[in-house]
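A short worksheet on the structure shown next.
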Protein chains: 4
Amino acid sequence: MKSKDEQKESTIIRATLQLIFREGLAGLKMSNIAKQASMAVGTLYIYFKNKEDLLNHLFLYFKRESMTQLAQKIDFAQPFKVNFKQLWHNYLAYAVDNPEQATLLEQLHYSPYLRPEVVAETDKLLQPIRDMLDEGKRQMLIKNTDNELLLAFLSGSINQIARRFHENDRKLSPELREQAFDMTWDAVRA
Amino acid sequence: MKSKDEQKESTIIRATLQLIFREGLAGLKMSNIAKQASMAVGTLYIYFKNKEDLLNHLFLYFKRESMTQLAQKIDFAQPFKVNFKQLWHNYLAYAVDNPEQATLLEQLHYSPYLRPEVVAETDKLLQPIRDMLDEGKRQMLIKNTDNELLLAFLSGSINQIARRFHENDRKLSPELREQAFDMTWDAVRA
Amino acid sequence: MKSKDEQKESTIIRATLQLIFREGLAGLKMSNIAKQASMAVGTLYIYFKNKEDLLNHLFLYFKRESMTQLAQKIDFAQPFKVNFKQLWHNYLAYAVDNPEQATLLEQLHYSPYLRPEVVAETDKLLQPIRDMLDEGKRQMLIKNTDNELLLAFLSGSINQIARRFHENDRKLSPELREQAFDMTWDAVRA
Amino acid sequence: MKSKDEQKESTIIRATLQLIFREGLAGLKMSNIAKQASMAVGTLYIYFKNKEDLLNHLFLYFKRESMTQLAQKIDFAQPFKVNFKQLWHNYLAYAVDNPEQATLLEQLHYSPYLRPEVVAETDKLLQPIRDMLDEGKRQMLIKNTDNELLLAFLSGSINQIARRFHENDRKLSPELREQAFDMTWDAVRA
DNA sequence: AATGAATGAGGCTTCATTCAT
DNA sequence: GATGAATGAAGCCTCATTCAT
């Protein structure tokens, strides 16, 4: 027998992503995914129950991947602000370098495909960041404000910045990034 | 298309809105719009060339309406910060009170329906706000930073705050709103 | 507008029947029904919710039609046995002349398509025959036996006779029909 | 195909039977048969050329089994009517006790799966019964009528009785069975 | 022989758009 | 202008069969 190829699942997800980038979520067809992944349509249904299931897995897969990117060069031995700044820049860099991915996650989030339970599960991935914010508050370096407010502030502004600049075909120079970070820090500092 | 009956056009747009709010953009069908608007499908095609055309009109219609909400109680005779704060609260209130609308605009924005020219046209609606930010800079009250950055910062954070709280079924108390505004003001102040 | 053509429903049903006769229930495809009925597939779905619905209507339609055939030349002014014999011959004639139809109804009956409620409804159509049997019992002309037993006896034997002869490509001569009726009458007579 | 493991063939047929009883012929899938038989799909194709082949074997297997049931307690040393009655009761008991089996054979019979040659072969199994009828005629105990007519009469009525009572969830009491046999005997007796 | 992943033709159904009335 | 029945392209998914292991 041909044993169920574990990596085929990832092949399918990557193929799907490429297609969504190229043609949008609305134009996504199972038959094209199969073509892009060089396999038969039926094979997709061996690894995913249906289109909805595939997209839910895709969502989770990329949310996890993005969290990995965010955690780069974060070292809890370092002072809070150093880590905060690193995290912020990681996030911005990710959002800038993968503009379609952010858009995709957003699109999926509000599509009829995504199951609430999957959304809830991705939310848990943010826990390390919540912990970090708590630590900042303990050290009285940042405002003692509701975590959800802080998170919304951080993610909302970063995403929107990356998006607007991408839409207008503008580059985000290091200087602009620095200015943006300063605004963020001024916003959250105690 | 484009008949004398100007009001029917608006009826269709309103009916479409209600449907999108109730069932989402993805499930939107011309036949249902017709039903909701109490007319025949064919009639829709007298007033709008096709579904795409209808949704582009809807987007514009809607963006204009939201700008009207934002401008409430703004009076250029007042000091900058008063107006800035009022604008910020107007925006947040609008985003909180109409959580589906923000989502709708987002969904539409990234759907294959929306024509770039329409997106560009709605962007012009922000000009008064850009002017206001310029005035703030002239008075050296806010940072002398790129307007797109400032706008992204403002809209991104506000939308995200409204959205997260709506998703988690949490109320945004006046205290939290005040804290959020303080963060924003700290971020932009000179 | 083109007003919903009442007779189109019957056109579809007749087209479906012809197809089932030609290619069997198992090979029945909606696209072929449309072709046979000279209309677009979509049109089928205006008149019937789906394939199952179409087949349920078909079942009812033909059960009713067959009952009409059975009732021919039945006149309650005539003596019981005359009517009984006429009914029996009508039934046999119908089963012989429409061998596919009997088979179809049987096939449908045991297919996953047929809804129990529709089966129940067709059963009600037999009431006039039950009444007739009761009258025969009242006149002490036939055995005072359970109606279901009598009905099963009558319909089962007639259908099977028509079927076997049709399968073996044999004609049912008037003599054989007379013999068969005699057997039936001997079976039920008091 | 046709391997040494004769028993596996029977395992597959039994598994198929159970599935058809439980879920009907229309929903029968090769993958489910494999699951029910605790083997891989591929294995089915070692023992049977394809689905059609499997179902033809099943039909034959089954017809033979039912004939065995019918022959129980038949002893040619006994008088004709005793055997006839025994046969009739055997048949009815079988049809009543295995209501799905009769239906299955019927369904299969009119499915596109069954090959005519197999149907013809099963018909040969009826020869002992035909012989018995001939003997009855020779002894002038039953009508001198066409055997096909007699067979159709017998099988059609019995099957239909069993079916109707099963559908209506009614029990066939010994009294009713006796009445039914009396009708049959009156029908065929000379 | 046994396995079960892979294949892909083909079925049912939806829905934007057209057009006869 | 208004209507809504008619159209048919196109998408999702199933499942009998194959074949590499």
Side-chain angles (χ1 to χ4, degrees), chain A residues 1-6 8 26-35 37-54, chain B residues 1-5 8 27-35 37-55 113, chain C residues 1-6 8 26-35 37-54, chain D residues 1-5 8 27-35 37-55 113:
Chain A
M1 62 150 191
K2 279 171 271 184
S3 76
K4 201 157 163 180
D5 196 341
E6 265 316 315
K8 201 155 260 175
L28 186 67
K29 292 168 236 168
M30 293 303 271
S31 57
N32 285 345
I33 296 176
K35 218 174 288 167
S38 305
M39 56 183 75
V41 221
T43 310
L44 302 178
Y45 289 85
I46 294 173
Y47 293 91
F48 301 97
K49 203 157 67 73
N50 50 33
K51 190 177 180 182
E52 190 226 79
D53 189 43
L54 166 53
Chain B
M1 46 168 274
K2 271 286 142 31
S3 77
K4 51 194 173 194
D5 199 344
K8 207 158 244 175
L28 187 67
K29 295 171 218 164
M30 293 300 273
S31 57
N32 285 345
I33 296 176
K35 216 176 292 167
S38 306
M39 54 184 76
V41 226
T43 310
L44 301 179
Y45 287 85
I46 294 167
Y47 293 91
F48 300 95
K49 199 152 67 73
N50 51 32
K51 191 178 178 180
E52 190 226 80
D53 189 44
L54 165 54
L55 287 174
Y113 293 119
Chain C
M1 61 149 193
K2 279 170 269 179
S3 75
K4 201 156 162 179
D5 195 340
E6 266 316 314
K8 203 157 256 175
L28 187 67
K29 292 167 235 168
M30 292 301 272
S31 56
N32 285 345
I33 296 177
K35 217 174 292 168
S38 306
M39 55 182 75
V41 222
T43 309
L44 302 178
Y45 289 85
I46 294 172
Y47 293 90
F48 301 97
K49 201 156 69 73
N50 51 32
K51 191 178 178 180
E52 191 225 79
D53 188 43
L54 165 54
Chain D
M1 49 168 274
K2 269 290 143 28
S3 77
K4 52 193 172 197
D5 198 344
K8 207 158 244 175
L28 186 68
K29 295 171 216 165
M30 293 301 272
S31 57
N32 285 346
I33 295 176
K35 214 176 292 166
S38 305
M39 55 183 77
V41 224
T43 310
L44 301 179
Y45 287 84
I46 293 168
Y47 293 91
F48 299 96
K49 200 154 64 75
N50 51 33
K51 191 178 180 181
E52 189 225 80
D53 188 43
L54 165 54
L55 288 174
Y113 293 119

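For the numbers below, each heavy atom of this structure counts, side chains included, while hydrogens, waters and symmetry mates do not. Note on naming: letters A, B, ... go to the chains in the order of the sequence lines (proteins, then strands), and numbering restarts at 1 for each one.
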**Report entry** Summary of protein contacts for nucleotides 12-17 of chain F, nucleotide by nucleotide, where a base hit scores B, a sugar-phosphate-only hit scores S (4.0 Å, heavy atoms)
**Finding:** SBBSSB
Requested in this report: Return the set of residues passing ring-ring contact (aromatic ring centres under 6.0 Å, His included) with C:Y47 (not counting sequence neighbours), or none when no residue passes.
Outcome: none
Requested in this report: Could you tell me which residues satisfy ring-ring contact (aromatic ring centres under 6.0 Å, His included) with D:Y113, sequence neighbours excluded, listed by chain and number?
Outcome: none
Nearest heavy-atom neighbours spanning [X] and [Y]:
X     : Y     : value
C:F48 : C:D53 : CA-OD2, 3.6 Å
C:A40 : C:A34 : C-CB, 3.9 Å
C:M39 : C:L44 : SD-CD2, 4.1 Å
D:K8  : D:T43 : CD-CG2, 4.5 Å

Query raised in the report: Is there any salt bridge (charged side-chain N to carboxylate O under 4.0 Å, His left out) pair reaching into residues 41-52 of chain C, and which pairs are they, with sequence neighbours excluded?
Result: C:E52-C:R115
Between [atom2] on [N] and [atom1] on [X], what's the gap in Å once rounded to a whole number?
X     : N      : atom1 : atom2 : result
C:M39 : E:dT18 : CE    : P     : 22 Å
D:I46 : F:dT18 : CD1   : C1'   : 12 Å
D:L44 : E:dT3  : CG    : P     : 10 Å
D:F48 : F:dT18 : CZ    : C1'   : 19 Å
A:N32 : F:dA10 : CG    : P     : 12 Å

**Report entry** Comparing D:S38 and A:S38 on DNA chain E - which has the more 5′ nearest nucleotide
**Finding:**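 Taking each residue's closest nucleotide, the earlier one in sequence belongs to D:S38.
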Report task. Give a yes/no on whether any side-chain N or O of C:Y47 is located under 4.0 angstrom from OP1 or OP2 of F:dA5. Result ->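 It does not, given that no N or O in the side chain of C:Y47 lies less than 4.0 Å from OP1 or OP2 of F:dA5.
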Report task. For F:dG1, take OP1 and OP2 only and decide whether either is under 4.0 Å from a side-chain N or O of B:K8. Result -> no
Query raised in the report: Could you give the distance from CD1 (B:I33) to CG (B:L54), rounded to the nearest 0.5 Å?
Result: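 Here the rounded value is 5.0 Å.
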Query - Non-neighbouring partners of D:K29 that pass side-chain contact (heavy atoms from CB on, under 4.5 Å), sequence neighbours left out - result: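 In terms of side-chain contact (heavy atoms from CB on, under 4.5 Å), with neighbours along the sequence ignored, D:K29 is linked to D:S31, D:N32.
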Query - Dot-bracket line, read 5' to 3' along DNA chain E, where crossing pairs take [ ] and | marks a partner on another strand, Watson-Crick or G-U under 3.5 Å - result: .||||||||||||||||||||
